[in-house]
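First up is the structure itself, then whatever we jot down about it.
As the structure is a prediction and not an experimental result, all values here were calculated from the model. Note on naming: letters A, B, ... go to the chains in the order of the sequence lines (proteins, then strands), and numbering restarts at 1 for each one.
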Number of protein chains: 2
Amino acid sequence: MARKTATPQLTQDHTELIVLSVLSEGPSYGYSISKQIAARSEDEFRIGASQLYPLLTKMEKQGLVETDWEEIKSKSADPDAPGRKRKWYRLASKGERRLQQRIEAHKRFTSLINSFIATDQAAGAVA
Amino acid sequence: MARKTATPQLTQDHTELIVLSVLSEGPSYGYSISKQIAARSEDEFRIGASQLYPLLTKMEKQGLVETDWEEIKSKSADPDAPGRKRKWYRLASKGERRLQQRIEAHKRFTSLINSFIATDQAAGAVA
DNA sequence: TCAAGATATATCGGATTCAGATATATTGCA
DNA sequence: TGCAATATATCTGAATCCGATATATCTTGA
């Protein structure tokens with residue numbers, strides 16, 4: 001079975017835009033970011049672990065985000081046991097600037113695409 | 001020097017949408033399609049030969065476009081000489097349907113992206 | 001109790017795609 | 001005459017995609 005055509009595939013640029021958007025609403029961590037994106041897009045945008053984690057690492061290296069590890073204590077288990085780890089990402093000021101850039105670039109992108117399909121819209125609108 | 005961030009990079013899906021749009025206005029050939037896209041996007045969308053020709057071949061195999069070779073006769077040279085060849089592409093009905101699909105998918109895509117950046121728009125709009 | 005599914009991070013690896021460079025040939029113009 | 005433009009096409013190293021795999025913890029319910 002081939003790739004679905006519901007929406008065009010997400011490029012890393014667009015994925016970065018979405019991830020930065022999510023983080024602009026407050027710190028989050030990988031798994032949650034991925035779930036939020038799926039939920040908020042009605043499952044049409046799916047960022048798998050194999051795309052998300054390398055991207056987050058890249059963004060961290062570029063100084064767009066800053067991170068903290070959280071040690072999640074189990075409610076039931078031994079309080080000295082090493083709980084699950086969660087890596088929190090929060091938007092750095094450089095990331096905020098990048099987000100605004102990406103938003104502008106996306107607007108420009110959309111506007112250009114629209115200029116190409118404008119004529120077809122008319123042609124395709126034959127009732 | 002890294003890739004420019006003026007607009008997000010074009011995926012094959014988006015490139016196909018644009019190429020189909022151009023062809024919906026009438027038959028064209030590779031070199032011309034590439035020039036039209038550059039001109040109409042103020043040089044922001046550049047489809048190089050190494051992306052365009054494989055894509056056109058793929059589209060032809062999928063039955064989205066039909067082709068004809070044109071033999072361009074030289075004005076000055078020997079009329080029996082083998083002139084330059086030009087491969088014309090015209091939209092097949094399957095391609096028209098694909099174009100409408102891609103337009104719908106793009107609208108959905110844009111709408112989803114906008115839903116993510118909507119909140120940032122407000123946040124970023126601090127004057 | 002204990003198995004299954006969800007949570008959580010991360011990498012591997014084959015396939016695809018990207019985009020500059022290369023190849024080849026003709027045409028138009030200064 | 002020689003160079004830029006026209007015209008199609010492939011090569012190739014790098015980047016990217018995405019399903020699968022690895023590892024480990026937590027939660028829920030039969």
Side-chain angles (χ1 to χ4, degrees), chain A residues 1-4 7-16 19 27-39 45-61 65 67-89, chain B residues 1-4 7-16 19 27-39 43-61 65 67-89:
Chain A
M1 194 70 79
R3 199 173 47 71
K4 59 182 173 306
T7 52
Q9 77 264 60
L10 283 174
T11 62
Q12 207 172 62
D13 280 358
H14 275 117
T15 303
E16 191 185 277
V19 170
S28 190
Y29 52 94
Y31 188 80
S32 172
I33 292 170
S34 141
K35 291 291 166 190
Q36 282 180 64
I37 292 173
F45 291 161
R46 261 175 247 168
I47 319 291
S50 58
Q51 279 119 272
L52 185 57
Y53 290 112
L55 175 61
L56 286 171
T57 301
K58 192 177 165 188
M59 288 166 67
E60 189 182 359
K61 276 180 191 153
V65 293
T67 63
D68 287 296
W69 281 99
E70 179 193 7
E71 195 89 7
I72 307 172
K73 296 289 174 189
S74 167
K75 287 172 190 165
S76 48
D78 174 7
D80 290 338
R84 181 191 289 159
K85 280 176 182 177
R86 197 180 266 165
K87 193 174 183 182
W88 287 87
Y89 292 83
Chain B
M1 194 72 76
R3 197 174 47 73
K4 59 184 174 306
T7 52
Q9 75 266 64
L10 282 174
T11 61
Q12 208 172 62
D13 281 355
H14 275 117
T15 303
E16 191 186 276
V19 170
S28 190
Y29 52 93
Y31 188 81
S32 171
I33 292 171
S34 142
K35 291 292 164 190
Q36 281 181 64
I37 292 172
D43 237 43
E44 281 198 73
F45 291 161
R46 263 176 245 169
I47 319 291
S50 58
Q51 280 117 270
L52 185 57
Y53 290 111
L55 176 61
L56 286 172
T57 301
K58 192 178 167 187
M59 287 165 67
E60 188 182 0
K61 277 180 191 155
V65 292
T67 62
D68 287 295
W69 280 99
E70 179 193 7
E71 195 89 7
I72 306 173
K73 297 289 173 191
S74 169
K75 287 171 190 165
S76 47
D78 174 6
D80 290 337
R84 181 192 289 160
K85 281 178 183 176
R86 197 181 265 167
K87 194 175 184 182
W88 287 86
Y89 292 84

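Heavy-atom nearest nucleotides on DNA chain D were determined for B:Y89 and for B:K35, and the one closer to the 5' end corresponds to B:K35. Nearer the 5' end of DNA chain D, as judged by each residue's closest nucleotide, is the contact made by B:Y29, out of B:T57 and B:Y29.
Scanning for ring-ring contact (aromatic ring centres under 6.0 Å, His included) contacts around B:Y53 gives an empty result, with sequence neighbours left out. Scored by the ring-ring contact (aromatic ring centres under 6.0 Å, His included) test, B:Y29 finds B:W88 as partners (sequence neighbours excluded). Residues passing the side-chain hydrogen bond (donor to acceptor under 3.5 Å, both in side chains) test with B:K85: none are found, sequence neighbours excluded. Considering only residues two or more places apart in sequence or on other chains, A:S28 meets the side-chain contact (heavy atoms from CB on, under 4.5 Å) condition with A:L23, A:S32, A:I33, A:Q36. For the side-chain contact (heavy atoms from CB on, under 4.5 Å) test, no residue two or more places apart in sequence or in another chain qualifies with A:S50.
For B:K58, a side-chain nitrogen or oxygen approaches OP1 or OP2 of C:dT17 to under 4.0 Å. Between B:Y31 and D:dT8 there is no side-chain N or O to OP1 or OP2 distance below 4.0 Å. Proximity of A:Y53 to the phosphate of C:dT9: a side-chain N or O atom is located under 4.0 Å from OP1 or OP2.
Looking at heavy-atom distances under 4.0 Å, B:L10 makes contact with sugar-phosphate atoms alone, never a base.
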- Which is it for A:Q12 and A:K58 under the side chain to side chain contact (heavy atoms under 4.5 Å, CB included) test, yes or no, and what are the steps along the way? CA-CA 11 Å; A:Q12 207 172 62; A:K58 192 177 165 188; 2.5 Å; yes
Produce the list of close N/O pairs, under 3.5 Å, pairing protein atoms with atoms of nucleotides 19-21 of chain D; give distances to one decimal.
from   : atom 1 : to    : atom 2 : distance (Å)
D:dG19 : N7     : A:S50 : OG     : 3.3
D:dG19 : O6     : A:S50 : OG     : 2.9

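Comparing C:dT7, C:dT26, C:dA10 by their nearest atom to the side chain of A:R84 picks out C:dT7. Taking the side chain of A:K87 as heavy atoms from C-beta on, and the options C:dA10, D:dT8, D:dT16, the nearest nucleotide is C:dA10. The side chain of A:W69 sits closest to C:dA10 out of C:dA10, C:dC18, D:dT8.
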